[in-house]
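Values reported hereafter were calculated over all heavy atoms of this structure, with side chains retained and with hydrogens, waters and symmetry mates removed.
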Amino acid sequence: MGSTSVPGLPAKGCIDVQVRMTSIDEARDVPLLAAIGFRCRPEPWNHHEVSPGQRCRKLVFAPPIGARRSNVHLRDSAGPNTRFALLFRDYLRADGTAREAWGAFKQRLAVSVPDLLEKGQIKAPATEVLMDGAERWAFETGWQASQFQQE
């Protein structure tokens, strides 16, 4: 669901996968993924995120050591953050101009800002602008997250 899922969008080679859960239960989910080698990310952003103004639960896991770089995002299937991630992906797949602009922005940011936290703080308002366009596109096309569950 991240940049690697959008053909033609520059990406850093880390695959982001979203797993839609009926509920997130840390006591259940962390040991379950740990049993197959996935590590719960220790960063402070790992348990919640704000998506369209709402605080949402999430858990992000890193792959087993030595495996390809990836992040496995567990999100509530009914949460706005789940919809946000899918809309972001589908809009950039559909709109070449937005995809090129977002890719150019990401490349400039990668070159000029090495700090990951600082990069995120710069990217947040730019993402809001991009998502304004995505919401217009979703309205105009009748896009719904449930249409794209299997991709």
Out of curiosity, [X] [atom1] to [Y] [atom2], how far, rounded to the nearest 0.5 Å?
X    : Y    : atom1 : atom2 : answer
M21  : T82  : CE    : OG1   : 11.0 Å
E135 : R83  : CD    : CZ    : 4.0 Å
R41  : H47  : CZ    : NE2   : 11.5 Å
T127 : F105 : OG1   : CZ    : 6.5 Å
C40  : F61  : SG    : CZ    : 4.5 Å
N81  : C56  : CG    : SG    : 4.0 Å

Linked, directly or transitively: [X] and [Y] (ILVMFWY side chains, under 4.5 Å):
X    : Y    : result
V19  : V60  : no
L130 : F84  : yes
L86  : W137 : yes
L59  : I36  : yes
L92  : I15  : no

Restricting to non-hydrogen atoms, name the atom on [X] and the atom on [Y] that form the minimum distance, rounded to 0.1 Å.
X    : Y    : value
N71  : C14  : ND2-SG, 3.5 Å
P31  : E26  : CD-O, 3.7 Å
Q54  : P80  : OE1-CG, 2.8 Å
R99  : L9   : O-CD1, 3.5 Å
S112 : P114 : O-CD, 3.7 Å
D95  : T97  : OD1-N, 3.1 Å

Run the salt bridge (Lys or Arg N to Asp or Glu O under 4.0 Å) check on E128 and K123 step by step: do they pass? CA-CA 9 Å; E128 287 181 31; K123 222 163 111 176; over 6 Å; no

Please assess T4 against D16 for the test side chain to side chain contact (heavy atoms under 4.5 Å, CB included), listing each intermediate value before the final yes or no. CA-CA 7 Å; T4 56; D16 286 290; 5.7 Å; no

Return yes if some donor-acceptor pair links the side-chain N/O of [X] with the main-chain N/O of [Y] below 3.5 Å, else return no.
X    : Y   : answer
D29  : I24 : no
K58  : H48 : no
R20  : L74 : no
K106 : P10 : yes

Passes salt bridge (Lys or Arg N to Asp or Glu O under 4.0 Å), E49 versus R57? Steps please. CA-CA 7 Å; E49 63 190 341; R57 277 288 278 137; over 6 Å; no

For residues Y91 and W102, establish whether the separation of their ring centroids is below 6.0 Å. no

Can you list the steps and then say if R39 with I65 is a side chain to side chain contact (heavy atoms under 4.5 Å, CB included)? CA-CA 9 Å; R39 299 163 286 131; I65 294 176; 4.0 Å; yes

Decide if atom CG of L116 counts as having more than 12 heavy atoms of other residues, nucleotides or ligands within a radius under 6.0 Å. no

Could you tell me whether the side chain of R136 reaches within less than 4.5 Å of the side chain of M131, counting heavy atoms only? no

Any side-chain heavy atom of P63 sitting closer than 4.5 Å to one from R69? no

Using side-chain hydrogen bond (donor to acceptor under 3.5 Å, both in side chains), reason through D90 and W143 one step at a time and then give a plain yes or no. CA-CA 9 Å; D90 293 343; W143 178 91; 2.9 Å; yes

Report the C-alpha distance between S3 and K12 in whole Å, list the side-chain angles of each, state the deciding distance to 0.1 Å, and finish with yes or no for side-chain hydrogen bond (donor to acceptor under 3.5 Å, both in side chains). CA-CA 8 Å; S3 296; K12 61 182 179 274; over 6 Å; no

